[in-house]
Enquirer: 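Before I ask anything, let me first share the structure, which is written out below as C-alpha cells.
Residue numbers start at 1 and run along the sequence shown. Just so we're clear, the structure is a prediction, and the values are computed from it rather than from any experiment.
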Amino acid sequence: MKAMILAAGKGTRVRPLTYELPKPMIPILGKPVMAYLVEHLQRHGVSEIMVNVSYLHEKIEEYFGEGHQFGVQIGYSFEGYTTEQGEVVPEPLGSAGGIKKIQEFGGFFDETVVVLCGDALIDLDIKSALYEHRRKGAMATVITREVPWDKVNSYGVVVSDADGRVLEFQEKPSRDVAKSNCASTGIYLFEPEVIDLIPSGQVFDIGSELFPLLAERGLPFYCQTRKFNWIDIGSVKDYWEVLQGVLTGGVGNMVVPGVQVEEGVWVGLNTSIDWNGTRIVGPVYIGSGCRIEAGATIIGPTWIGHGSHICSGARVVRSVLFEYTRVLPEGSLDELIVFKDYSVDRAGEMRHVSQADCGGWMNARDRRSTRRIAENVAK
C-alpha cells in the first residue's frame, strides 16, 4: 500500500514555531508530528511514502532520510526552483498540484493511495477505511469528523447523501451558509484516475478545487464519517492545547518519555534538579540535560525542552519551553510557548524577547547572558 504526506506548506498560523521549522517537524513529546504519521502508516501496512516538500524542505529530508529507521521507503518531491545564484526558492504547487507533479515525474500513484496532511495526530483504522472505499467502488474518499457548528469556518465541509456520496464540498464556509458540520480531516483515499483530473503545471488545491470538480461531475466520490482521534495542529493555540492534553493524559497512545521521579514529574537523562526550596507540581516533563536551580517553581502541565536552564526564583506555569531555554532569575512565564527569541500566549499573540513586558528568558547556550545580568546589577 502507498501513501502521500502533504508537507509543503509554510504553516503561517503556527508562527513563530515555523520560522525555523516546517510545520510537520513541530515536536510532540520531543518527536516531530510527522514521525507519528509515518509510524501509524507503517503499522497499517504502508511501505512506500511520498512527501511533497518546499519550505525548509531540508529539515524534513535530513530527519527522515529514506525512511529505513521507520521500516518504510520515503521519497521526496521538492516544489520550487534554484536561482542562478544558487538560492533555493520554495514555490508550493497546492495540495493537488503537488500530487500531479509526482505522478508526471515517476508514475508513483499506480494503485489506491492514502493521502494525509503532515500536521495532525491520528489513530484512524486505515485498513477499515480502505475496505469501505473499495466496497463502494469509490474513486475518491474523504474521511470526515463532526465538528461544532461554530467551528465550521475553519474546515472544508462535506455535504453528502444517506449513502455517503458527496454532493457538495464547501471550503471553510461561514456558519450561516454551512450546509453540514462534517469536516474534512485532511485524510483521503484516491484511485489513480483522480490524479488524471488534476491540471498539469499549475497550482491546484484538493479542498477548494479538486473536490468541487469531483462533486460537480457526479463521479463516485464518497465521505466516511468515522470516530477516531484527530488532533489538528492548525494554530499555536491548538498546539498549546494538544501539549496540555498530552501531559494530562487526555490524548490516547501518547506516553510521556523519561523517568518519573516524583508524582507527575518526569525527567530525561542527565538532568540536574536542586530540590532546595524548589516547587514542582505535575504534570511536568523536564528534558535531558536540563538544570533546575534551587528556589524555582514549575507548575504543570508544563513541558521543558532538553538543555534548558531554570534559574533560582524563576516561575514557569502551564507553559511549553523549546530546547535550550534559560528562564532568568525571578523571571515568570505563564501559559506561554517559548521558542528561541519569541513567546506566544494561548490566544496566539506573539512577542519578541526584546519587548520589556514579555522578557524573562534567553538562549541557554548563550554563556554571556549571566555576565550581562551581573554587569547590569553592578551598574
Enquirer: Please determine whether a side-chain nitrogen of the Lys or Arg among Lys179 and Glu168 lies less than 4.0 Å from a carboxylate oxygen of the Asp or Glu.
Expert: yes
Enquirer: Does a donor on one side chain sit under 3.5 Å from an acceptor on the other, for His57 and Glu79?
Expert: no
Enquirer: Report yes or no: do Leu130 and Ile49 belong to one cluster of Ile/Leu/Val/Met/Phe/Trp/Tyr joined by side chain heavy-atom distances under 4.5 Å?
Expert: yes
Enquirer: CZ of Arg145 to SG of Cys182: how many Å apart, nearest 0.5 Å?
Expert: 10.5 Å
Enquirer: Check the angle between the aromatic planes of Phe190 and Tyr188 and answer parallel, tilted or perpendicular using the 30° and 60° thresholds.
Expert: parallel
Enquirer: Classify the side-chain pair Asp205/Ser95 by whether it contains a donor and acceptor separated by less than 3.5 Å.
Expert: yes
Enquirer: Quick check: does any side chain N or O of Ser47 sit under 3.5 Å from a backbone N or O of Val72, one acting as donor and the other as acceptor?
Expert: no
Enquirer: Which class fits the ring pair Phe221 and Phe211: parallel under 30°, tilted 30 to 60°, perpendicular over 60°?
Expert: tilted
Enquirer: With rounding to the nearest 0.5 Å, note down the distance linking CG in Leu41 to CD1 in Ile126.
Expert: 5.0 Å
Enquirer: Within 45 degrees of the ring normal and closer than 6.0 Å to the centroid, is that where the cationic atom of Lys172 sits relative to Tyr155?
Expert: no
Enquirer: Heavy atoms, side chains only, cut-off 4.5 Å: are Ile198 and Gln103 in contact?
Expert: no
Enquirer: Would you say that Val327 contacts Val338 through its side chain, given a criterion of any heavy-atom pair below 4.5 Å between the two side chains?
Expert: no
Enquirer: Can you get from Ile26 to Ile122 by hopping between Ile, Leu, Val, Met, Phe, Trp and Tyr side chains that sit under 4.5 Å apart?
Expert: yes
Enquirer: Does Val320 reach the side chain of Phe339, with side-chain heavy atoms less than 4.5 Å apart?
Expert: no
Enquirer: Would you kindly check if the NZ (Lys) or CZ (Arg) of Lys2 is within the cone defined by 45 degrees around the ring axis of Phe108 and under 6.0 Å from the six-membered ring centre?
Expert: yes
Enquirer: Main chain of Arg318, side chain of Thr302: is a donor-acceptor contact present, judged purely on distance under 3.5 Å?
Expert: yes
Enquirer: Report whether Val142 and Leu124 are members of the same hydrophobic cluster (ILVMFWY, side-chain heavy atoms less than 4.5 Å apart, transitive linking).
Expert: no
Enquirer: So, do Met34 and Val51 sit near enough that their side-chain heavy atoms are less than 4.5 Å apart?
Expert: yes
Enquirer: If you draw a 6.0 Å radius around CG in Asp163, do more than 12 non-hydrogen atoms from other residues or ligands fall strictly inside?
Expert: yes
Enquirer: Within a 6.0 Å radius of atom CD on Glu263, are there more than 12 heavy atoms belonging to other residues, nucleotides or ligands?
Expert: no
Enquirer: Hey, are the side chains of Glu262 and Trp275 touching, using non-hydrogen atoms and a 4.5 Å cut-off?
Expert: yes
Enquirer: Over 60° means perpendicular and under 30° means parallel, so tell me whether His306 and Tyr324 are parallel, tilted or perpendicular.
Expert: perpendicular
Enquirer: Can you establish whether the number of heavy atoms outside Lys151 located under 6.0 Å from its atom NZ is more than 12?
Expert: no
Enquirer: Under 4.0 Å between a Lys/Arg side-chain N and an Asp/Glu carboxylate O for Glu132 and Arg226?
Expert: yes
Enquirer: Tell me yes or no: between the side chains of Glu293 and His309, is some donor less than 3.5 Å from an acceptor?
Expert: yes
Enquirer: Would you call the rings of Phe322 and Tyr239 parallel, tilted or perpendicular, taking 30° and 60° as the class edges?
Expert: tilted
Enquirer: Around atom CD of Gln260, are there more than 12 heavy atoms from other residues, nucleotides or ligands closer than 6.0 Å?
Expert: yes
Enquirer: Can you tell me how far CG of Asn270 sits from OG of Ser288, rounded to the nearest 0.5 angstrom?
Expert: 8.0 Å
Enquirer: Looking at CG of Asp196 and NZ of Lys100, how far apart are the two atoms once the value is rounded to the nearest 0.5 Å?
Expert: 5.5 Å
Enquirer: Are Cys290 and Thr271 close enough that some pair of their side-chain heavy atoms sits under 4.5 Å apart?
Expert: yes
Enquirer: Among the clusters formed by ILVMFWY side chains lying less than 4.5 Å apart, do Ile5 and Met1 turn up in the same one?
Expert: yes
Enquirer: To the nearest 0.5 Å, what is the distance between OH (Tyr55) and CD1 (Ile60)?
Expert: 11.0 Å
Enquirer: Going only through I, L, V, M, F, W and Y residues with side-chain contacts under 4.5 Å, is there a path from Leu121 to Trp303?
Expert: yes
Enquirer: When you compare the side chains of Glu87 and Thr82, does any donor N or O come within less than 3.5 Å of an acceptor on the partner?
Expert: no
Enquirer: Could you tell me if the side chain of Leu6 sits less than 4.5 Å from the side chain of Leu116, heavy atoms only?
Expert: no
Enquirer: How many angstroms lie between atom CE of Met4 and atom CD of Glu48, to the nearest 0.5 angstrom?
Expert: 14.5 Å
Enquirer: Do the non-hydrogen side-chain atoms of Leu321 and Ile310 ever get within less than 4.5 Å of each other?
Expert: yes
Enquirer: Testing Leu167, Ile143, Val166 for side-chain contact (heavy atoms from CB on, under 4.5 Å) with Val158, which one passes?
Expert: Val166
